[in-house]
**Student:** 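Would you mind keeping the following structure in view while I ask a few things?
On a predicted model such as this, the values are computed, not experimentally measured, just so you know.
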Amino acid sequence: MKEEYLKHVQSVDDLIKSFYACLGGEPGEPRDWDFFRFLFHPQANKIGYEKDINGSLRPQFISPNEYVERTGHWLQTTRKTAFYEREMGRIEETYGNISHVLSTCEAFHSKEDMANNKPYKQDVKSIQLAFYKDRWWIINMMWHGISPEFSLPERYLRYQ
């Protein structure tokens with residue numbers, strides 16, 4: 001464990017901001033995948049509610065390690081545009097050592113698109129977190145794309 005990583009997991013807010021920041025970069029630019037893995041509990045899942053090969057929406061499970069091997073490799077070797085995400089709103093509930101964050105975000109193909117508010121997609125992420133061993137961990141993260149079929153409630157665009 002890298003000691004400098006610990007400052008990024010001392011609060012729910014720090015952890016969520018660190019998650020969004022660590023994935024961003026230009027095509028071919030290396031990401032800190034050790035830091036990405038550090039944010040997640042070793043048994044965590046990332047669950048995308050996406051279309052399968054038949055076009056049906058269903059949850060698709062991947063571990064953070066599998067994400068790094070598949071998507072991380074693709075981000076650094078194949079993707080032709082940059083990838084940046086930014087949070088638009090958050091609903092956070094914490095009780096004791098558990099927290100649930102409903103985070104609305106948008107993704108961009110470039111810093112210029114981000115500066116001009118031109119996202120290519122928006123998602124809602126449901127993030128479960130736990131505090132133990134003197135830090136916060138992402139336990140599970142599920143996301144669902146925003147679309148005309150699944151419009152975004154206005155309250156998801158505020159920080160609550």
Side-chain angles (χ1 to χ4, degrees), residues 5 7-33 35-41 44-52 55 57-64 66-68 70-72 74-76 79-95 97-131 135-160:
Y5 291 170
K7 67 183 176 186
H8 298 283
V9 293
Q10 296 305 301
S11 73
V12 170
D13 186 56
D14 288 341
L15 179 52
I16 300 299
K17 287 178 180 176
S18 294
F19 167 76
Y20 283 120
C22 78
L23 291 178
E26 296 297 314
E29 183 178 356
R31 274 53 165 198
D32 186 346
W33 295 118
F35 179 60
F36 174 84
R37 288 182 184 101
F38 180 81
L39 301 175
F40 289 84
H41 184 276
N45 276 307
K46 288 175 57 62
I47 308 158
Y49 213 88
E50 299 174 346
K51 290 186 178 180
D52 63 16
L57 281 172
R58 70 169 178 88
Q60 299 183 47
F61 296 79
I62 189 168
S63 74
E66 290 170 323
Y67 181 87
V68 170
R70 295 178 195 170
T71 305
W74 175 79
L75 278 172
Q76 290 182 198
R79 186 178 171 109
K80 302 296 184 210
T81 62
F83 177 78
Y84 294 98
E85 280 187 308
R86 129 175 110 196
E87 192 175 40
M88 302 160 43
R90 182 190 308 174
I91 299 171
E92 184 178 323
E93 294 287 340
T94 301
Y95 177 81
N97 292 314
I98 63 173
S99 189
H100 177 252
V101 172
L102 200 63
S103 175
T104 305
C105 69
E106 50 193 359
F108 302 89
H109 288 302
S110 68
K111 286 183 179 179
E112 181 181 341
D113 285 351
M114 191 160 52
N116 292 318
N117 293 313
K118 294 182 178 178
Y120 72 90
K121 73 172 188 154
Q122 297 175 323
D123 292 323
V124 173
K125 290 179 168 50
S126 172
I127 308 167
Q128 293 176 314
L129 304 106
F131 187 86
R135 58 160 290 188
W136 284 97
W137 302 78
I138 298 173
I139 299 296
N140 282 309
M141 178 181 292
M142 181 185 296
W143 66 93
H144 195 297
I146 298 168
S147 66
E149 183 181 4
F150 298 100
S151 61
L152 185 66
E154 192 65 34
R155 66 188 174 97
Y156 286 17
L157 293 174
R158 296 187 302 269
Y159 285 86
Q160 302 173 22

**Student:** Going from CZ on R58 to CD on E50, what distance comes out if it is rounded to the nearest 0.5 angstrom?
**Tutor:** 9.5 Å
**Student:** Shortest non-hydrogen contact from Y20 to S103?
**Tutor:**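 Closest pair (atom of Y20, atom of S103, distance): OH-OG, 2.6 Å.
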**Student:** Identify whether the distance between the nearest side-chain nitrogen and carboxylate oxygen of K121 and D123 falls below 4.0 Å.
**Tutor:** yes
**Student:** So, the side chain of Q60 versus the backbone of K51: is there a donor-acceptor pair under 3.5 Å, distance only?
**Tutor:** yes
**Student:** Mind running side chain to side chain contact (heavy atoms under 4.5 Å, CB included) on C22 and L39 for me, showing each step along the way?
**Tutor:** CA-CA 10 Å; C22 78; L39 301 175; 4.1 Å; yes
**Student:** Over all heavy atoms of both residues, which pair between W136 and S99 is shortest? Give the atoms and the distance, please.
**Tutor:**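 W136 and S99 have their closest heavy atoms at CZ3-CB, 3.8 Å.
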**Student:** Run the numbers on Y67 and F36 for side chain to side chain contact (heavy atoms under 4.5 Å, CB included), then give the verdict.
**Tutor:** CA-CA 10 Å; Y67 181 87; F36 174 84; 3.5 Å; yes
**Student:** W137 ring centre to R135 NZ or CZ under 6.0 Å, with the angle to the axis within 45°?
**Tutor:**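 So R135 does make the cation-pi contact.
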**Student:** Using the rule side chain to side chain contact (heavy atoms under 4.5 Å, CB included), only one of E85, R90, M88, R86 pairs with C105; which is it?
**Tutor:** E85
**Student:** Do R79 side-chain atoms and A82 backbone N/O form a donor-acceptor pair below 3.5 Å?
**Tutor:**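 Yes; at least one donor-acceptor contact below 3.5 Å.
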**Student:** Going by heavy atoms in the side chains, are F38 and V9 under 4.5 Å from each other?
**Tutor:** yes
**Student:** Decide side chain to side chain contact (heavy atoms under 4.5 Å, CB included) for L57 and Y49; before the verdict, give the C-alpha distance in whole Å, the side-chain angles of both, and the deciding distance to 0.1 Å.
**Tutor:** CA-CA 6 Å; L57 281 172; Y49 213 88; 3.8 Å; yes
**Student:** Report yes if some heavy atom in the side chain of L15 is under 4.5 Å from a heavy atom in the side chain of I138; otherwise report no.
**Tutor:**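 Yes; the side chains approach each other to less than 4.5 Å.
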**Student:** Do I16 and I127 come within less than 4.5 Å of each other through their side chains, counting heavy atoms only?
**Tutor:** yes
**Student:** Is there side-chain contact between F61 and E66, with heavy atoms separated by less than 4.5 Å?
**Tutor:**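 In short, these two side chains do not touch, never coming nearer than 4.5 Å.
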**Student:** N116: which residues meet the side-chain contact (heavy atoms from CB on, under 4.5 Å) condition with it, sequence neighbours left out?
**Tutor:** E112, K118
**Student:** NE2 of H100 to CG of L129: how many Å apart, nearest 0.5 Å?
**Tutor:**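 H100 NE2 to L129 CG: 9.0 Å, rounded to 0.5 Å.
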**Student:** Find the distance between NE2 (H41) and OG (S63) and round it off to the nearest 0.5 Å.
**Tutor:** 13.0 Å
**Student:** Taking the side chain as everything from C-beta on, heavy atoms only, tell me whether I91 gets closer than 4.5 Å to V101.
**Tutor:** no
**Student:** Test side chain to side chain contact (heavy atoms under 4.5 Å, CB included) on I47 and M141; report intermediate values, then the result.
**Tutor:** CA-CA 6 Å; I47 308 158; M141 178 181 292; over 6 Å; no
**Student:** Only pairs under 3.5 Å count here: list side-chain donor-acceptor contacts from residues 24-33, not counting sequence neighbours, and write none if there are none.
**Tutor:**
from: E26; atom 1: OE2; to: Y84; atom 2: OH; distance (Å): 2.7
from: E29; atom 1: OE1; to: E26; atom 2: N; distance (Å): 2.7
from: R31; atom 1: NE; to: L23; atom 2: O; distance (Å): 2.9
from: R31; atom 1: NH1; to: E26; atom 2: O; distance (Å): 3.3
from: R31; atom 1: NH1; to: E29; atom 2: O; distance (Å): 2.7
from: R31; atom 1: NH2; to: L23; atom 2: O; distance (Å): 3.4
from: R31; atom 1: NH2; to: G25; atom 2: O; distance (Å): 3.2
from: D32; atom 1: OD1; to: Y5; atom 2: OH; distance (Å): 2.9
from: D32; atom 1: OD1; to: D34; atom 2: N; distance (Å): 3.3
from: D32; atom 1: OD1; to: F35; atom 2: N; distance (Å): 3.0
from: D32; atom 1: OD2; to: Y5; atom 2: OH; distance (Å): 2.9
from: W33; atom 1: NE1; to: Q76; atom 2: OE1; distance (Å): 2.6

**Student:** A side-chain contact here means heavy atoms from C-beta on lying under 4.5 Å apart; do S126 and W143 qualify?
**Tutor:** no
**Student:** Side-chain contact test, heavy atoms from C-beta onward, threshold under 4.5 Å: evaluate it for K7 versus D14 and give yes or no.
**Tutor:** no
**Student:** Quick check: does any side chain N or O of N140 sit under 3.5 Å from a backbone N or O of N45, one acting as donor and the other as acceptor?
**Tutor:**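 The answer is yes, because a donor-acceptor pair under 3.5 Å joins these two groups.
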**Student:** Could you pull out every donor-acceptor pair under 3.5 Å between side chains of residues 150-160 and any protein atom, sequence neighbours left out?
**Tutor:**
from: Y159; atom 1: OH; to: E87; atom 2: O; distance (Å): 3.3
from: Q160; atom 1: NE2; to: R155; atom 2: O; distance (Å): 3.0

**Student:** Hey, does I98 have a side-chain heavy atom less than 4.5 Å from the side chain of I139?
**Tutor:** no
